[in-house]
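In what follows, a single structure is set out as structure tokens and then discussed.
Positions are given from 1 along the sequence.
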Amino acid sequence: MNGAQDLGGMMGFGAILPEPVHPVFHDDWEKRAFAITLAMGATGEWTIDMARFARESLPPPVYLTSSYYEIWTAGLIRLLEERGLVSAEEIAAGRALRDSRPVARVLTADRVAETLRRGGPTQREVTQPARYRVGDRVRARQMHPTGHTRIPRYCRGHAGTIEAVHGVHVFPDSNAAGAGEQPAWLYGVAFDGREIWGEDAAPDLVLRVDLWEPYLDLA
């Protein structure tokens, strides 16, 4: 969706100031927010794409004025409430007021390291040939889905060149909507900066975006 998370190329937000790698967390509560989010994700109640959509669909005033882990926490609360695992009254009280229903899986402490090491691979088996090859000229579709999508607004409608073929991966748009993984080919696409931002862009600027096949047409 065209939410507040899709800020690439937007003006008026000031300079991007990269932070040093450490400290990873700026407060103890951020560690808890991170741990609870991962633990609840491991229950299988939702997919990672559903979690992303829960965060990016926060009201823009909330999203733009919240820190990284405040956004994570707000998204988690939304998922928990939607699935009946916690109530608004319990969130307000800061404690459980009833027994929650069971979940399919529980991430126990002894399995955390293994689970984090394994991660969540998205690559799937190839079942159909790729539509595009390296060197093909493609155009990102002009689309405005109301659900989750991984195609940035700034590249929609613009032409680029296939630079890499990454294999078949879970399609996030369908996975976030509960419509299944619907794996699709994923490509590395290079856009000339002037194609995206016009003649004022630096002449040697190249924008590289990984885009799924359903986002692309031949140019």
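The aromatic rings of Tyr69 and Trp72 sit perpendicular, their planes meeting at an angle over 60°, well past the 30° parallel limit.
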**OP:** Under the salt bridge (Lys or Arg N to Asp or Glu O under 4.0 Å) rule, what do Arg55 and Glu70 come out as? Steps first, then yes or no, please.
**Re:** CA-CA 10 Å; Arg55 293 192 284 268; Glu70 285 173 342; over 6 Å; no
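Ion pairing of Arg78 with Glu82 is present here, as a side-chain N (NZ or NE/NH1/NH2) and a carboxylate O approach within less than 4.0 Å. A salt bridge between Arg139 and Asp217 is absent, with no side-chain N of the basic residue lying under 4.0 Å from a carboxylate O of the acidic one.
Between the CG atom in Leu76 and the CG atom in Leu38 there is a gap of 10.0 Å [rounded to 0.5 Å]. Considering CH2 of Trp185 and OH of Tyr132, their distance stands at 13.5 Å, rounded to 0.5 Å. One finds the CG atom of Asn2 at 9.5 Å from the OG1 atom of Thr146 (value rounded to the nearest 0.5 Å). In this structure, Glu45 CD and Arg101 CZ are separated by 4.0 Å, a value rounded to the nearest 0.5 Å. Here Ile162 contributes atom CD1 and Leu211 contributes atom CG; the two are 8.0 Å apart, rounded to the nearest 0.5 Å.
The closest side-chain heavy-atom distance from Thr115 to Leu107 is below 4.5 Å. Side-chain contact check for Asp173 versus Asn175: every heavy-atom pair is 4.5 Å or farther apart. Counting only heavy atoms from C-beta outward, the side chains of Ile91 and Glu81 approach each other to under 4.5 Å. Using a 4.5 Å heavy-atom cutoff, the side chains of Leu207 and Pro152 are not in contact. Residues Val24 and Phe34 fail the side-chain proximity criterion, which asks for heavy atoms closer than 4.5 Å. A 4.5 Å side-chain heavy-atom check between Tyr187 and Val138 finds every atom pair outside the cut-off.
No donor-acceptor pair closer than 3.5 Å links the side chain of Thr73 to the backbone N or O of Ala33.
Shown here are the side chain to side chain contact (heavy atoms under 4.5 Å, CB included) partners of Ala93, two or more places apart in sequence or in another chain: Arg95, Leu97.
Hydrophobic clustering of Ile, Leu, Val, Met, Phe, Trp and Tyr side chains at less than 4.5 Å, counting indirect connections, unites Ile196 with Ile151.
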